[in-house]
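Beneath this line is the structure, given in structure tokens, with notes to follow.
Naming: A, B, ... by sequence-line order, numbering from 1 per chain.
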Protein chains: 2
Amino acid sequence: MLEGAMTTPRTGRPALARPDGTPLRVLVVDDDPDLAEVLSGALRYEGWQVRTAGDGAAAVTEARDLMPDAVVLDVMLPDTDGFGVLRSLHTVKPDVCVLFLTARDAVEDRIAGITAGGDDYVTKPFSLEEVVARLRGLLRRAGMARQLEEGPRLCVGDLVMDEEAREVTRSGELIELSPTEFELLRFLMRNPRRVLSKAQILDRVWSYDFGGQAHVVELYISYLRKKVDAGRYPMIHTVRGAGYVLKPVAR
Amino acid sequence: MLEGAMTTPRTGRPALARPDGTPLRVLVVDDDPDLAEVLSGALRYEGWQVRTAGDGAAAVTEARDLMPDAVVLDVMLPDTDGFGVLRSLHTVKPDVCVLFLTARDAVEDRIAGITAGGDDYVTKPFSLEEVVARLRGLLRRAGMARQLEEGPRLCVGDLVMDEEAREVTRSGELIELSPTEFELLRFLMRNPRRVLSKAQILDRVWSYDFGGQAHVVELYISYLRKKVDAGRYPMIHTVRGAGYVLKPVAR
DNA sequence: CAGGGTCCTCAGAGCCGTCTCAGAAGTTCC
DNA sequence: GGAACTTCTGAGACGGCTCTGAGGACCCTG
């Protein structure tokens with residue numbers, strides 16, 4: 001397999017790779033096997049090499065073997081608490097990035113100090129886009145992946161998104177977006193020229209426990225159009241019966 | 001790796017480096033492994049090369065091996081007291097900078113005697129921002145890191161902070177801040193144009209044992225706005241659902 | 001041209017995040 | 001020992017955000 005030719009299944013973007021050309025490795029640790037499966041599927045799809053573990057002990061064992069670049073770690077594990085695992089992981093691999101998963105209502109188990117290092121966290125229920133984005137952010141800041149080093153800017157035509165500053169501009173004009181609008185646009189911008197079905201969008205942008213209708217996607221596309229395309233040449237297109245595409249104006 | 005291209009993971013600022021280009025080295029000595037973990041995570045994030053030790057004997061051994069530029073040293077250790085360790089450290093490396101960690105009720109004059117030599121101290125419980133800032137101050141005064149020699153001024157737009165003098169001005173006008181307000185503003189100013197979540201702010205600006213709600217962050221942002229933005233063009237912005245950003249007025 | 005399906009948009013209800021005030025408790029400094 | 005300051009909690013107000021429901025436009029097909 002040619003190193004330079006490796007691409008992710010979905011996007012055709014170059015696979016995430018470390019400076020030596022091997023794919024980025026991530027360890028997913030969650031005691032809910034369904035959730036672990038969804039997560040690892042999504043990450044594999046993004047070009048990661050994924051392994052999973054169901055508890056803290058297994059996590060450390062797997063980590064020793066895999067030497068992952070990043071770990072997605074549920075704070076509530078059957079055997080150990082997140083902090084202990086974090087310490088063990090740093091012993092195994094001092095420069096590992098950790099993304100914590102934590103329940104929203106678990107205000108008590110403070111995650112004090114966790115974001116103090118480069119690490120980050122996401123509250124359950126989360127959207128896959130959010131997890132993927134945060135993981136990319138971690139890796140970028142750690143300077144780990146070649147492709148991510150360009151910076152946190154996402155560009156499609158004259159539409160520019162700065163993920164760190166959460167700022168979106170079109171031909172220089174600032175566009176204000178709500179959290180959901182922002183996440184939806186990010187998903188579109190990470191998949192330009194690609195038709196995305198409403199189901200796909202729902203799976204990636206909305207949290208996994210969302211019980212609502214696909215109708216919300218139409219609604220939010222409508223919101224986005226008003227803000228992104230307003231008065232300008234349209235970039236968001238409907239493909240009837242299939243979904244939506246984001247395309248730069250000029251080809 | 002190109003020497004001039006090295007940057008810290010988080011900020012993109014130049015990595016802390018000694019005159020010969022190698023990263024600055026620090027030894028963290030504390031018998032509480034959680035605290036040592038948090039501290040070393042934060043310092044690694046700032047670009048330091050970090051090692052840890054759990055007691056005085058290990059500290060001296062590690063120091064002999066690492067030859068650190070600075071040591072963060074808990075005064076209360078299981079085997080020796082901090083002062084004995086200090087003597088040993090100075091035998092190993094006479095020009096080492098030491099930042100003491102001490103309980104609030106510790107005897108003041110003994111600390112005063114210690115810090116006479118140019119070293120500094122921080123009382124527990126401390127905030128990570130404070131430790132990092134003090135360590136930077138020590139190194140700067142010792143003339144150890146090239147990048148830090150420019151001086152202790154932090155500028156974002158017309159907002160200027162003199163860390164040493166603890167003085168803040170906006171377009172020349174002096175702004176009086178309480179200790180917490182000052183530290184919060186420093187954190188914002190050290191991360192301009194970057195959205196910082198309330199959890200992130202809490203982890204860095206408040207002490208590690210703070211048990212309260214993220215609500216305090218909102219409160220202090222509100223205080224800061226009244227003093228920093230009052231009547232002027234706002235620099236502190238809320239990003240709903242994400243956190244806060246400090247941005248210079250002009251883009 | 002009628003009919004069914006798909007999609008768009010508006011209006012509104014409920015919820016959630018944020019801001020601000022007021023006051024209690026703790027601290028520092030004279 | 002008192003005054004000023006600082007820090008944090010709680011409560012209420014406000015506004016924005018998210019989603020539901022409904023009406024209507026558009027498109028394709030029979």
Test salt bridge (charged side-chain N to carboxylate O under 4.0 Å, His left out) applied to B:Asp229 - qualifying residues, sequence neighbours left out
B:Arg170
Using side chain to side chain contact (heavy atoms under 4.5 Å, CB included) as the criterion, list what pairs up with [X], not counting sequence neighbours.
| X | result |
| --- | --- |
| B:Thr169 | B:Val160, B:Leu174 |
| B:Val132 | B:Leu43, B:Glu46, B:Arg136, B:Arg190, B:Arg204 |
| A:Ser207 | A:Pro125, A:Asp209 |

[X] [atom1] to [N] [atom2], straight-line distance once rounded to whole Å:
| X | N | atom1 | atom2 | answer |
| --- | --- | --- | --- | --- |
| A:Asp229 | C:dC8 | CG | P | 12 Å |
| B:Ile221 | C:dC21 | CD1 | P | 16 Å |
| A:Ile236 | C:dC7 | CD1 | P | 15 Å |
| A:Leu184 | D:dT18 | CG | P | 11 Å |
| A:Phe182 | D:dT18 | CZ | P | 13 Å |
| A:Glu218 | D:dG24 | CD | C1' | 14 Å |
| A:Leu196 | C:dC7 | CG | P | 14 Å |

Could you pull out all residues at least two apart from [X] that satisfy side-chain hydrogen bond (donor to acceptor under 3.5 Å, both in side chains)?
| X | result |
| --- | --- |
| A:Glu183 | A:Ser127, A:Arg186 |
| B:Arg232 | B:Glu173 |
| B:Thr52 | none |

Are any of the side-chain heavy atoms of A:Val26 and A:Val72 separated by less than 4.5 Å?
yes
Side-chain N,O ([X]) to OP1/OP2 ([N]) below 4.0 Å:
| X | N | result |
| --- | --- | --- |
| B:Lys198 | C:dT18 | yes |
| A:Thr238 | C:dC8 | yes |
| B:Ser222 | C:dC19 | no |
| B:Lys226 | C:dT20 | no |

Please list, pair by pair, any protein nitrogen or oxygen found under 3.5 Å from a nitrogen or oxygen in nucleotides 5-9 of chain D.
unit_1, atom_1, unit_2, atom_2, d
D:dT7, OP1, B:Thr180, N, 3.0
D:dT7, OP1, B:Thr180, OG1, 2.5
D:dT7, OP2, B:Ser178, OG, 2.5
D:dT7, OP2, B:Tyr220, OH, 3.2
D:dT7, O5', B:Thr180, OG1, 3.4
D:dT7, O5', B:Tyr220, OH, 3.0
D:dC8, OP2, B:Trp206, NE1, 2.9
D:dC8, N4, B:Tyr223, OH, 2.9

Is there any salt bridge (Lys or Arg N to Asp or Glu O under 4.0 Å) pair reaching into residues 26-40 of chain A, and which pairs are they, with sequence neighbours excluded?
A:Asp30-A:Lys124
Between A:Ala242 and B:Tyr244, the residue closer to the 5' end of DNA chain C by nearest nucleotide is A:Ala242
So does B:Lys198 pair up with B:Glu218, basic N to acidic O under 4.0 Å?
yes
In chain order, what residues pass the ring-ring contact (aromatic ring centres under 6.0 Å, His included) check against A:Phe126, with sequence neighbours excluded?
A:Tyr208
Tabulated below should be each protein N or O lying under 3.5 Å from an N or O of nucleotides 26-30 of chain D; please produce it.
none

Would B:Arg225 and B:Thr238 count as having a side-chain donor-acceptor pair, cut-off 3.5 Å?
yes
Counting primed atoms plus P, OP1 and OP2 as sugar-phosphate and everything else as base, spell out the protein contacts along nucleotides 25-30 of chain C at 4.0 Å heavy-atom distance: B, S or - for each nucleotide, 5' to 3'.
------
